[in-house]
Amino acid sequence: MILKNSRENIENAAKEIIAGNIVAFPTETVYGLGADGLNPTAVAKIFEAKQRPTFNPLILHIASRDQLKELVSIESDKVYKLINHFWPGPLTLVLPKKKIVPDIVTAGNPTVAVRMPQHPIARALIEACGKPIAAPSANQFGFLSPTTAAHVEKQLGEKVNIILDGGKSDVGVESTIIEVTNDKVWLLRHGGVSLEQLREVCDSIEVKEIGRDKPNAPGQLFQHYAPKIPMKFVSEKSVKELDGKKVGGLFFKENTTNINFTHVKFLSESGDMREAAANLFFHLHKLEVMDLDLILVEPVEEKGLGIAIMDRLVKATNRYR
Ligand code: TXA
Ligand code: MG
């Protein structure tokens, strides 16, 4: 059930989490499906509800730095630098875990992913629980991420009793994931903090590229984020194959083709990359339920948040290759 934003609803959601159940809640990136991050049985319910493979580890969400120190060892000053600049916000840090973190959260890895979200409801919920909340995006594994409470209800409505409504997520793509080990900084997933922003704070960041050969490494799935109907990039080839099909279009700013789409959506009519990111999953959720045979999507420029948007689009189209 979707519950409106109120103190009472947040407290009831916190009680559910403390009792070992799962709750969906808003964050500034996407909605999360949360459970008590220190309770392995509760965390198992997340994997079950999402039908997510247990080799894929989860992010722990915290509301204070004291919580961070309970969960991880901090061996590099770079960690403090990153936290000072980007927390609370859409940056996740992968750091050496302490014993208290259950193996089911990290999929047996010696590291754990931690994030301090900015959304006031997420923060209030974590504070009311007094525990770190383990939460992946609140979607069915492999499909579109949710940026509204209604998106969560569409995919997981039968599996989760409480969905806290916090409006539309304003970042709209997941957090950027950074791993810091032995003073080295790796980018594992592009997201809400751009590589340019990170490099202003920390100059030596290396990007871990994914390959088809190791799709099961944490954070490195080859197909992901897909709508339930086929999606392809607009290209010469796909345009020729359209005869008789109901086709939806998703463009950055304007329709750059001469195709007559059944439905067409624009990520940002003013050409703003932040607005585009915020609308990405929002528009795809709309197109997904419009009785189309195919969605054609325009690639966006790989600059700033455009890199995170393209990462999502490439992985979504990979499903239909
Ligand atoms: O914005 C977000 O990060 C959202 C909101 C809800 O906070 N959460 C999210 O969670 O996107 P999820 O589970 O959909 O994605 C988490 C990613 C996965 O790709 C996982 O493999 C990676 O984080 N990850 C988690 N722990 C890791 C670890 N110890 N090492 C490497 N990657 C890790
Ligand atoms: Mg996800």
Side-chain angles (χ1 to χ4, degrees), residues 22-35 37 43 46-47 49-63 71-72 86-98 101-119 121-123 125-126 132-147 151-152 155-156 163-164 166 169-181 186-193 208 210 214-226 277-278 280-281 308 311-312 315-316:
I22 53 175
V23 160
F25 64 99
T27 87
E28 71 279 17
T29 58
V30 301
Y31 276 63
L33 183 64
V43 173
I46 295 176
F47 287 94
K50 276 194 65 137
Q51 296 172 284
R52 170 174 170 128
T54 49
F55 60 72
N56 200 9
L58 302 176
I59 297 172
L60 290 180
H61 296 69
I62 58 171
L71 303 171
V72 300
F86 298 110
W87 276 11
L91 181 72
T92 294
L93 292 171
V94 171
L95 297 166
K97 82 173 193 89
K98 288 191 176 162
V101 179
D103 281 339
I104 186 168
V105 170
T106 67
N109 282 290
T111 54
V112 62
V114 187
R115 170 161 114 80
M116 191 188 286
Q118 183 162 41
H119 197 293
I121 298 179
R123 297 176 65 79
L125 181 66
I126 300 163
I133 298 182
S137 48
N139 55 327
Q140 241 177 301
F141 178 70
F143 293 100
L144 294 176
S145 299
T147 55
H151 295 163
V152 181
Q155 292 190 26
L156 299 177
I163 304 169
L164 288 176
S169 298
D170 34 78
V171 176
V173 290
E174 290 82 352
S175 60
T176 300
I177 305 182
I178 292 284
E179 179 168 353
V180 186
T181 28
W186 298 91
L187 183 136
L188 305 185
R189 177 175 76 182
H190 293 283
V193 175
K208 266 202 182 154
I210 33 158
K214 51 169 201 171
N216 290 349
Q220 304 197 329
L221 297 156
F222 182 71
Q223 311 182 346
H224 214 66
Y225 314 110
L280 176 69
F281 289 120
D311 167 76
R312 307 313 186 261
K315 286 180 180 160

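First listed ligand is number 1; within each ligand, the first listed atom is number 1.
Each of the following atoms of ligand 1 lies closer than 4.0 Å to a heavy atom of I177: 17 (C), 22 (C), 23 (O). Every atom of ligand 1 with a heavy atom of T29 under 4.0 Å away is listed here by number and element: 1 (O), 2 (C), 4 (C), 5 (C). Of all the atoms in ligand 1, the ones that sit under 4.0 Å from a non-hydrogen atom of S137 are 8 (N), 9 (C), 10 (O), 12 (P), 14 (O). Listed by atom number, the atoms of ligand 1 under 4.0 Å from N56 heavy atoms are 18 (C), 19 (O), 20 (C), 21 (O). Distances below 4.0 Å separate heavy atoms of S175 from the following atoms of ligand 1: 1 (O), 2 (C), 3 (O). In summary, the atoms of ligand 1 found under 4.0 Å from a heavy atom of E174, numbered by their order in the structure, are 1 (O), 2 (C), 11 (O).
Close to ligand 1: R52, with a non-hydrogen atom less than 4.0 angstrom away. Using a non-hydrogen distance threshold of 4.0 Å, I59 registers as a contact of ligand 1. Under a 4.0 Å heavy-atom criterion, H61 is in contact with ligand 1.
For the pair R189 and ligand 1, the shortest N or O to N or O distance falls below 3.5 Å. Geometrically, ligand 1 and T27 share no nitrogen or oxygen pair separated by less than 3.5 Å. For a threshold of 3.5 Å applied to N or O pairs, the pair formed by E179 and ligand 1 contains no separation below that value.
Among residues two or more places apart in sequence or in another chain, the salt bridge (charged side-chain N to carboxylate O under 4.0 Å, His left out) test is passed with E179 by none.
For the Mg ion (ligand 2), protein N/O/S neighbours under 2.8 Å (waters excluded) are S137 OG.
To the nearest 0.5 Å, the span separating NE2 on H151 from CZ on F143 amounts to 15.5 Å. L33 contributes atom CG, which lies 10.5 Å from atom CZ of F47 (distance to the nearest 0.5 angstrom).
Contacts between T111 and ligand 1 below 4.0 angstrom, taking non-hydrogen atoms only, involve backbone and side chain alike. Contacts of T106 with ligand 1, taken as heavy-atom pairs under 4.0 Å, are absent altogether.
Counting heavy atoms from C-beta on, the side chains of P117 and T29 never come closer than 4.5 Å. Put simply, the side chain of W87 does not reach to within 4.5 Å of the side chain of Q118, judged on heavy atoms.
A salt bridge (Lys or Arg N to Asp or Glu O under 4.0 Å) check over residues 109-119, counting only residues at least two apart or in different chains, returns the pairs E28-R115. The salt bridge (Lys or Arg N to Asp or Glu O under 4.0 Å) contacts involving residues 49-61 comprise nothing, where partners must be two or more places apart or lie in separate chains.
T176 contributes no side-chain N or O that, together with a main-chain N or O of L91, makes up a donor-acceptor pair within less than 3.5 Å. N109 places a side-chain N or O within donor-acceptor distance of the main-chain N or O of T106, the cut-off being under 3.5 Å. Looking only at distances, a side-chain donor or acceptor of Q155 sits under 3.5 Å from a matching main-chain atom of L144.
Classified by interplanar angle (parallel below 30°, tilted 30° to 60°, perpendicular above 60°), the ring pair Y225/F281 is tilted.
Closest non-hydrogen pair, P146 versus A138, comes out as CG-O, 3.3 Å.
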How far apart are the C-alpha atoms of S137 and N139, what are their side-chain angles, what is the distance that settles it, and do they pass the side chain to side chain donor-acceptor pair (under 3.5 Å) test?
CA-CA 6 Å; S137 48; N139 55 327; 2.8 Å; yes
